[in-house]
Amino acid sequence: MSGALGKDLLGLEPLSAEQIKLILDTAEPFKEISERAIKKVPTLRGSTIVNLFFENSTRTRISFEFAEKRLSADPVNVSATGSSVSKGETLVDTARNLEAMRIDMVVIRHGSSGAAQFLAERIKSNVINAGDGMHEHPTQGLLDLLTLRDHFGGLAGKRVCICGDVLHSRVARSNIWGLRKVGAEVAVCGPRSLLPSAIEELGVTVFDHIEDAIEWADALNVLRLQIERMTGGYIPSLREYNRVFGVTRDRLARAPRDVLILHPGPMNRGVEIDSDVADGDHSVILDQVTNGIAIRMAVLYLLAGGNPTLAESAKAAAR
Amino acid sequence: MTQPILLRGGRVVDPSRKIDAQQDVLLAAGLIEACGRGLAAPDGARVLDCAGMIVSPGFIDVHCHLREPGREDVETVATGARAAAAGGFTAVCAMPNTDPVTDNQAAVGFIIRQAQRAKAARVHPIGAISLGQRGEALAEFGEMIGAGAVAVSDDGRPVASAQLMRTALEYARTFNIPVIDHCEEPTLSHGGAMNEGIVSARLGLKGIPSEAEEIMVIRDILLARRTKGHVHLAHMSTVGSVELIRWGKERGINVTAEVCPHHLTLTEDRVGAYDTNAKMNPPLRTAADVAALRDAVADGTIDLIATDHAPHHYDEKEQEFANAPNGIVGLETALAVVHTKLVAGGVLDYPRLVERMSCAPARVFHLPGGTLERGAVADVTVFDPRAEWTVDPAAFLSKGRNTPYAGEKLHGRAIFTIVDGEIVYTMPNTTR
């Protein structure tokens, strides 16, 4: 199956601004489904979707599973532990087995950059990248865009700064592509040891001081600082990270305007973000979670495009 | 007794004697008997019409991985030697990162015996610098050289310890052999899968910075200056390395260096959508690096071209990029790649092509061949510069199929490869 997005959703880099807008627009009516008493439409009835999670993930996997179930698909969850992968099965053999089971879609989360592409090139089913290594996490990027658009009414010209461990972040890469394609200005801020050395070549501004980033930005997307990065020698301590780069109420209070706060979660409160910011008036962190389901429903729906029956029933149901 | 061979009417390119002219070459009793115009064929000689062909001293690859012992499923000494011959190489040097490591005279002898049975290209073993390539204690250089090794290297791994590298350079002077280093500062390259830069940032792959190579290049050059040993720097890939080698040579330091065809012709962009056939170590770098390497191989700052032929089983490459092994095969494409991209591209002329792929390797590694001087071993490559062909990995004689050049149209191909006066390879369908 393939539709307006092509066969797969591997990242936001390959998408056009129009395709991104289409996904965001498609997500809008799907929000309403989650507000109903019976949160289910028959759009993907009969479709089999495998959620193939080679890395632990709670919120992304559950969000996809909700999206699939609300569209009446039949999801099967496979995790690395407890599957043949833990017995040494290769990704290519996993792909061949999935292909032989005639499934319709695969949602893959994998620790290696390019793993989603690898799978997509080898199976006929639609592949959705739910995060591959340090590469992209497109549905997270899209739900961030939707959340920002909901708040600002538009994205063109808005200034978004991605804060923290950009080097290891697939969220950051999807955000950079997605935001720039729809006309937003993008900056990054963090210790240089956690920024790719060629990051400026992706068309973003770099701030070395969080105070400067806050002064510049309309919104901050605060990334989770992974605890293992500290032992990897990228930063001296979590305490110092909070002192130098933490998004705190005091720092935000000095901003010339209200700054919207996003975070892909899970949060390290008191490290990259203080609790009173995470739970404050300008935080849209929980809106991101809600929007995640609508975005994933939209992506599933659009990838299943080309089947008029499914499309019509979705439109009717979402009306 | 070998049948004499008269190579008639080819363009003889032999930089060792400053010859680039249409001549005949007569081979007899495994040696170069004569070069000149209008040579008569002795009784019983085989006469090969070489009109339109380049006749040169046989190509020598000082850097390949033949995987035997240990990984005979991906290559053996025999399949590697036959692939070499098909690529126009009359001799290759086999790196010691086998399993077990080639770090003793018995292992060296084994490789030589396997090569003798293959009756294809000569195979010169390279012994390990350190026992087990563990980077701790020196291997027995003298014993290995006595058994037929021609150099020492821990290739596949860098010599992380500066003290060990110093000792190796000092000790190797006794035997007048080069110490080959795989220049990589391991704490900087750790976990890297490709060049560090815009492409790695975009693909979310951990990068290997140029400095990981350059720090070791300058360390090795300084140690060569201190010890007066001969350091040979393998597979150079960066503009900075070129500048450092130039600096060393200008000061008379005993440093030589090699570059691979892929680093002369491909950039990091070739990784594309995580193509593991573009994954190698050192990684493919930028266009500026390629340009600097081309200049350096043209002006002789980089002495020679070597393949770093590294076969892998297809399913080892058929996995996630970061997990896939480094390396590509090169023996059967090196000549055509260099000829197509560098000679036709105006970077090298024929004498310099032959110098970098035959004369210099023989000179730097003290090997037989590299010349058509009367009395030298009759190792000769005859190649057709006009032969157009499309790279089809399925047709390789190597067991390896991992090449980024698959499907590419190239021109230039070995027609006859002659070792010790005997034809060890004839291109299929050749009627000469």
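Numbered from 1 within each chain, the chains take letters A, B, ... in sequence-line order. In what follows, every heavy atom counts, from backbone to side chain, and hydrogens, waters and symmetry copies are set aside.
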> What is the minimum heavy-atom distance between Gly197(B) and Ala198(A), and which atoms define it?
Replying inline: C-CB, 3.6 Å
For chain A against chain B, give me the donor-acceptor pairs closer than 3.5 Å, one per line with atom names and distance.
{"from": "Glu196(B)", "atom 1": "OE2", "to": "Ser197(A)", "atom 2": "OG", "distance (Å)": "2.6"}
{"from": "Ala201(B)", "atom 1": "O", "to": "Arg173(A)", "atom 2": "NE", "distance (Å)": "2.5"}
{"from": "Ala201(B)", "atom 1": "O", "to": "Arg173(A)", "atom 2": "NH2", "distance (Å)": "3.4"}
{"from": "Arg202(B)", "atom 1": "NH1", "to": "Glu13(A)", "atom 2": "OE1", "distance (Å)": "3.1"}
{"from": "Arg202(B)", "atom 1": "NH1", "to": "Glu13(A)", "atom 2": "OE2", "distance (Å)": "2.7"}
{"from": "Gly204(B)", "atom 1": "O", "to": "Ser113(A)", "atom 2": "OG", "distance (Å)": "2.4"}
{"from": "Tyr274(B)", "atom 1": "OH", "to": "His135(A)", "atom 2": "ND1", "distance (Å)": "3.1"}
{"from": "Tyr274(B)", "atom 1": "OH", "to": "His135(A)", "atom 2": "NE2", "distance (Å)": "3.3"}
{"from": "Glu318(B)", "atom 1": "OE1", "to": "Arg122(A)", "atom 2": "NH2", "distance (Å)": "3.1"}
{"from": "Glu318(B)", "atom 1": "OE2", "to": "Arg122(A)", "atom 2": "NE", "distance (Å)": "2.9"}
{"from": "Glu318(B)", "atom 1": "OE2", "to": "Arg122(A)", "atom 2": "NH2", "distance (Å)": "3.4"}
{"from": "Glu320(B)", "atom 1": "OE2", "to": "His110(A)", "atom 2": "NE2", "distance (Å)": "2.9"}

> Is there any residue in residues 395-406 of chain B with a non-hydrogen atom under 4.5 Å from a non-hydrogen atom of chain A, and which ones are they?
Replying inline: none
> Is chain B contacted by the side chain of Ile199(A), its backbone, both, or neither, given a heavy-atom distance below 4.5 Å?
Replying inline: neither
